[in-house]
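Below, each value reflects all heavy atoms present in this structure, side chains not excepted, and no hydrogens, waters or symmetry copies.
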Amino acid sequence: MRTAQAAGNPDGVHKRMANKTVDELIARSNRLGADKRNTNFAGGNTSAKGTEKDPVTGQDVELLWVKGSGGDLGTLTAQNLAVLRLDRLRALKEVYPGVEGEDEMVAAFDYCLHGKGGAAPSIDTAMHGLVDAVHVDHLHPDSGIAIATAADGEALTAKIFGDQVAWVPWRRPGFQLGLDIAAIKEANPQAIGTILGGHGITAWGATSEEAEANSLRIIEQAAAYIADNGKPEPFGARLPGYAALPEPERRAKAAALAPVIRGLASTDMVQVGHFSDDAVVLEFLEGAQHPRLAALGTSCPDHFLRTKVRPLLLDLPADADIEECISRLKERHAEYRKDYQAYYDRHADADSPAIRGADPAIVLVPGVGMFSFGKDKQTARVAGEFYLNAINVMRGAEAVSSYAPIEEAEKFRIEYWALEEAKLARMPKPKSHAGRIALVTGAASGIGKAIATRLAADGACVVIADLNLENARAVATELGGADVAIGVQADVTDEAQVHAAINEAVLAFGGVDLVVNNAGLSISRPLLETSEKDWDLQHNVMAKGSFLVSKAAAKAMIDQGLGGDIIYISSKNSVFAGPNNIAYSATKADQAHQVRLLAAELGEHGIRVNGINPDGVVRGSGIFAGGWGAKRAAVYGVDEEKLGEFYAQRTLLKREVLPEHVANAAAVLTGSELSHTTGLHIPVDAGVAAAFLR
């Protein structure tokens, strides 16, 4: 009788799957994926073959473990592997209908799966299962793709590697490519791998160590050949006036252009942006050949699926002024959309998916850098990384030959592949604030932190602006790091610091859509004890600070042309006259009227301005923790630790107000449900009749 583990105990299955073969595969994948010279994010795949006990029969079964669809080698875990039975996978050769039935074969992989869970098999599964080697790597290294996209790539492959590496003419990834590589390996037993025309490399080995060594050998040998034999200026002579601007000037120009560019790139759907002034990009844009190379577009499927077939290139020198750049960018954008529509119309047929938008994913500005775009920050950042890879590929190909990417028709077949469309359709529904970029002042604690946390949870990118940079960065890390949030230092009473914070936001995420004026403090004193310094400090931080932040943010929002939201965290005290609180309440009334004034002025730009009037937010509040709580408790004659309960008992609902409740109101006000609401103040005070809005 078989044991419970052999009969299908799930824990037993997991213990068996964590075997040496799988451990070696994951370790090899992580090492290869950690070095971007070997492959790009989520690019390539690795595999290993071995045996396991079938939990039903107790007999050994041959399995293939292969990186699943959408996974990343650098962070690969066992859960990211697809596990298939080799006998069933190899049997698919008998039912393969030919290249016209490629898509059907991907669906057939599901009938080869072993066990439950795991990742979905990718289009490259056949390459790994059909090649007669225990360990197989398929990678997208810059040096390998440079040879793969060279006009004489086949001859270069023979010259660099002899008979150790075979050339495979371009073929779209799929079952036939797997058959082709398997046949090449069988016919060339001395070979350690292949160069895939227009695409990348594949290598194999009897052991994990051998496969990794063979992959690195191909990558390093190709890189060494290019370095030793390449011409010194692969991008052509340096163009006068196209050199990189000095860093401060470069970043200032990037910040001025970023909202405009993001608005253009968001014509069809709102995008998040990423800016890079990497030396590789700046060097490329200084070369005389950069217009020709940019127009040729990228080649590796992983590249152009994320960057589109070609970038939008600003055809002006580095010292062109901002207004001239903006005017020309708008013209170039209109041309790009027209050209992309023509590209779609040239190749689409009755079965093609609908056009996915005609805006660029990559925008290049000579002397400044590269702006990349995607549905979220990670997607935008990775698109930029892929175009950086593409520049390196062009450099290598041009150094030893000439760059010759795959044909435009082939690019279209992959970009608008039914399988790619199905993958997009499986993506989860976007969250309420997906694609939005928020800046929250005073966000390192209390109400500000609660609002930032809620907006990030709802899909927004968030800039944590606070006087305390260390705390701001700690909150950003807590929320998920640079792809979700960044921390910046900002004294809202200083116009230069406010502008710097907005610039950091647009350089990090492309623009600003949503601002929350939350920074504040309070000094609770009766009239005769309130000094001029007390009055000025509170008005500077909350009234002047809100004005400065709103002014700077509104400029970016107007440049984007995407509308936006400005939220003021005012107070119940803006409409309620309480004792011993003249400076605080007066400045809150100032903020409340700013809401009305800006709502009236900014509405024509689609910018909504609303306010929130909290009261009695004691727990988690930075203001109350800073001495305000003790002073208010003394005014009301209660213990400080009981102040929250005291405030709750004087409300209609008898409920204590927490920072999260204010965050809820901010999320609703800036979501789609109240898209037609502006100039509103929402009380979040559990019901204070004396503060009812009249």
Asker: Donor-acceptor check, side chain of E52 to backbone of L63, threshold 3.5 angstrom: yes or no?
Answerer: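 Checked: no pair found.
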Asker: For residues I406 and G198, report the shortest heavy-atom separation together with the two atoms involved.
Answerer: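 Distance-wise, the nearest heavy atoms are CG2-CA, 3.9 Å.
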Asker: State whether K431 and D376 are salt-bridged, where the test is any N-O pair (Lys NZ or Arg NE/NH1/NH2 against Asp/Glu carboxylate O) under 4.0 Å.
Answerer: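 Answer for the salt bridge query: no.
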Asker: Can a donor-acceptor pair be found between the side chains of D180 and Q176 at a distance below 3.5 Å?
Answerer: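 There is such a pair (donor and acceptor under 3.5 Å, judged by atom type) between the side chains of D180 and Q176.
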Asker: Are D483 and R381 ion-paired here, with the side-chain N under 4.0 Å from a carboxylate O?
Answerer: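 Yes, D483 and R381 are salt-bridged.
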Asker: Taking atom CG as the centre, does D132 end up with more than 12 heavy-atom neighbours from other residues, nucleotides or ligands that are less than 6.0 angstrom away?
Answerer: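 No.
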Asker: If only atom types and distance count, is the side chain of E102 paired as donor or acceptor with the main-chain N or O of F175 below 3.5 Å?
Answerer: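 Such a contact is found between E102 side chain and F175 backbone.
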Asker: What is the distance from atom NE2 of H128 to atom OG of S122, rounded to the nearest 0.5 Å?
Answerer: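 H128 atom NE2 to S122 atom OG measures 6.5 Å (nearest 0.5 Å).
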Asker: When you compare the side chains of Q271 and D359, does any donor N or O come within less than 3.5 Å of an acceptor on the partner?
Answerer: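 Looking only at side-chain atoms, D359 and Q271 do not form any donor-acceptor pair under 3.5 Å.
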Asker: Mind checking side-chain contact (heavy atoms from CB on, under 4.5 Å) for A166 and listing every partner two or more places apart, or none if nothing turns up?
Answerer: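 Once residues adjacent in sequence are excluded, the partners of A166 under the side-chain contact (heavy atoms from CB on, under 4.5 Å) criterion are I184, T194.
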Asker: Sub-3.5 Å donor-acceptor pair from the side chain of E398 to the main-chain atoms of Y403, do we have one?
Answerer: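 Pair found, side chain donor or acceptor close to backbone of Y403.
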Asker: Can you list the residues that meet the side-chain contact (heavy atoms from CB on, under 4.5 Å) rule with Q59, with sequence neighbours excluded?
Answerer: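 For Q59, the residues satisfying side-chain contact (heavy atoms from CB on, under 4.5 Å) (neighbours in sequence not counted) are T57.
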Asker: If you look only at pairs with a residue in residues 347-357, which of them pass as a side chain to side chain donor-acceptor pair (under 3.5 Å), with sequence neighbours excluded?
Answerer: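 Residue pairs with at least one partner in residues 347-357: H347-E408, D349-S352, R356-E421.
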Asker: Using 4.0 Å as the upper bound for N to carboxylate O, is an ion pair formed by R413 and E410?
Answerer: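 Yes, this pair counts.
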Asker: Quick test of your reading: applying ring pair (Phe, Tyr, Trp, His ring centres under 6.0 Å), list the pairs with at least one residue in residues 176-219, sequence neighbours left out, ordered by first then second residue.
Answerer: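 Pairs touching residues 176-219 that pass the test: H138-H199, H140-H199.
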Asker: For Y416, what residues pass the ring-ring contact (aromatic ring centres under 6.0 Å, His included) criterion, not counting sequence neighbours?
Answerer: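 Testing Y416 for ring-ring contact (aromatic ring centres under 6.0 Å, His included), a comparison that skips the adjacent residues, returns Y344, F412.
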Asker: With P360 as reference, evaluate K308, H333, R310, R337 under the side-chain contact (heavy atoms from CB on, under 4.5 Å) test and give the passing residue.
Answerer: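 Testing P360 for a side-chain contact (heavy atoms from CB on, under 4.5 Å) against K308, H333, R310, R337 leaves exactly one candidate, H333.
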Asker: Is it the case that the side chain of T39 and the backbone of L139 share a donor-acceptor pair, with hydrogens and angles ignored and the cut-off at 3.5 Å?
Answerer: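 Side chain of T39 to backbone of L139, a donor-acceptor pair under 3.5 Å: no, none is there.
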Asker: Tell me every residue that passes side-chain contact (heavy atoms from CB on, under 4.5 Å) with Q289, counting only those two or more places apart in sequence or in another chain.
Answerer: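 Partners of Q289 by the side-chain contact (heavy atoms from CB on, under 4.5 Å) criterion, ordered by chain and then number, come out as R292, L293.
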Asker: Salt bridge check: are E212 and R31 linked by an N-O gap of less than 4.0 Å?
Answerer: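 Salt bridge present between E212 and R31.
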Asker: Could you tell me if the side chain of L364 sits less than 4.5 Å from the side chain of H290, heavy atoms only?
Answerer: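 The answer is no; the side chains never approach within 4.5 Å.
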Asker: Do L216 and L32 touch side chain to side chain, with heavy atoms closer than 4.5 Å?
Answerer: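 A side-chain contact under 4.5 Å exists here.
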Asker: Around E186, counting heavy atoms of other residues, nucleotides and ligands shown, do more than 12 lie under 6.0 Å from its CD?
Answerer: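 Not buried by this count: 12 neighbours or fewer within 6.0 Å.
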Asker: Once rounded to the nearest 0.5 Å, what's the spacing between atom CE of M394 and atom OG of S402?
Answerer: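 Output value for this atom pair is 13.5 Å.
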Asker: What I'd like to find out is whether the side chain of W417 reaches to under 4.5 Å of the side chain of D103, using heavy atoms alone.
Answerer: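 Heavy-atom side-chain distance check passes, below 4.5 Å.
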Asker: Enter the distance from L196:CG to R171:CZ here, rounded to the nearest 0.5 Å.
Answerer: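 Spacing of CG (L196) from CZ (R171) equals 11.5 Å.
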Asker: Less than 4.5 Å apart, side chain to side chain, heavy atoms only: is that true for E104 and P97?
Answerer: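 Yes, at least one pair of side-chain atoms sits under 4.5 Å.
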Asker: On a heavy-atom basis, which atom in I181 and which in V168 lie closest, and how many Å separate them?
Answerer: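 Where I181 meets V168 most closely, the heavy atoms are CG1-CG2, 4.5 Å.
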Asker: For F275, check ring-ring contact (aromatic ring centres under 6.0 Å, His included) against everything at least two apart and list the hits.
Answerer: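 In terms of ring-ring contact (aromatic ring centres under 6.0 Å, His included), with neighbours along the sequence ignored, F275 is linked to F371.
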Asker: Does A380 have any side-chain contact (heavy atoms from CB on, under 4.5 Å) partners at least two apart in sequence or in another chain, and if so, which?
Answerer: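 By the side-chain contact (heavy atoms from CB on, under 4.5 Å) rule, A380 matches H274.
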Asker: With a 4.5 Å limit on heavy-atom distance, are the side chains of P55 and H114 in contact?
Answerer: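 P55 vs H114: side chains touch.
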Asker: Do any pairs count as a side chain to side chain donor-acceptor pair (under 3.5 Å) and have a residue in residues 143-156, sequence neighbours left out, and if so which ones?
Answerer: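 Counting only pairs at least two positions apart or across chains, the side chain to side chain donor-acceptor pair (under 3.5 Å) contacts touching residues 143-156 are D152-S401.
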Asker: What distance separates D137 CG from T202 OG1, expressed to the nearest 0.5 Å?
Answerer: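 D137 CG to T202 OG1: 8.5 Å, rounded to 0.5 Å.
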Asker: Hey, does V363 have a side-chain heavy atom less than 4.5 Å from the side chain of Y336?
Answerer: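 Side chain of Y336 against side chain of V363, heavy atoms only: no contact under 4.5 Å found.
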Asker: Should L177 and M127 count as side-chain neighbours, where that means a heavy-atom distance under 4.5 Å?
Answerer: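 When only atoms from C-beta onward are counted, M127 and L177 do touch, with a gap below 4.5 Å.
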Asker: Whether the side chain of E385 engages the backbone of N40 through a donor-acceptor N/O pair (distance < 3.5 Å, no angle test) should be reported.
Answerer: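 Side chain of E385 to backbone of N40: no pair is present.
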Asker: Do R395 and N392 make a side-chain contact, defined as non-hydrogen atoms from C-beta onward lying under 4.5 Å apart?
Answerer: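 Yes, close enough: below the 4.5 Å cut-off.
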Asker: So, using ring-ring contact (aromatic ring centres under 6.0 Å, His included) as the criterion, who are the partners of F373 when residues are at least two apart?
Answerer: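 Once residues adjacent in sequence are excluded, F373 has no partner under the ring-ring contact (aromatic ring centres under 6.0 Å, His included) criterion.
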Asker: Run the ring-ring contact (aromatic ring centres under 6.0 Å, His included) test against Y387 and tell me which residues pass, sequence neighbours left out.
Answerer: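 Y387 satisfies ring-ring contact (aromatic ring centres under 6.0 Å, His included) with no residue once adjacent residues are dropped.
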Asker: Atom CD of E415 and atom CZ of R306: how far apart are they, to the nearest 0.5 Å?
Answerer: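 Going from CD on E415 over to CZ on R306, the span is 12.5 Å.
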Asker: Could you tell me whether E233 atom CD has more than 12 heavy atoms of other residues or ligands within 6.0 Å of it?
Answerer: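 Correct, the count exceeds 12.
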Asker: Report all side-chain donor-acceptor pairs from residues 69-78 shorter than 3.5 Å, counting only partners two or more places apart or in another chain.
Answerer:
residue	atom	partner	partner atom	Å
D72	OD1	A42	N	2.9
D72	OD2	G74	N	3.4
D72	OD2	T75	N	3.4
D72	OD2	T75	OG1	3.2
T77	OG1	Q79	N	3.4
T77	OG1	Q79	OE1	3.3
T77	OG1	N80	OD1	3.0

Asker: Short question: side chain of R88, backbone of Y111 - any donor-acceptor pair under 3.5 Å?
Answerer: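 Indeed, once roles are kept as given, a pair shorter than 3.5 Å links the two residues.
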Asker: Between atom OG1 of T157 and atom NZ of K159, what is the distance when rounded to the nearest 0.5 Å?
Answerer: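 Spacing of OG1 (T157) from NZ (K159) equals 12.0 Å.
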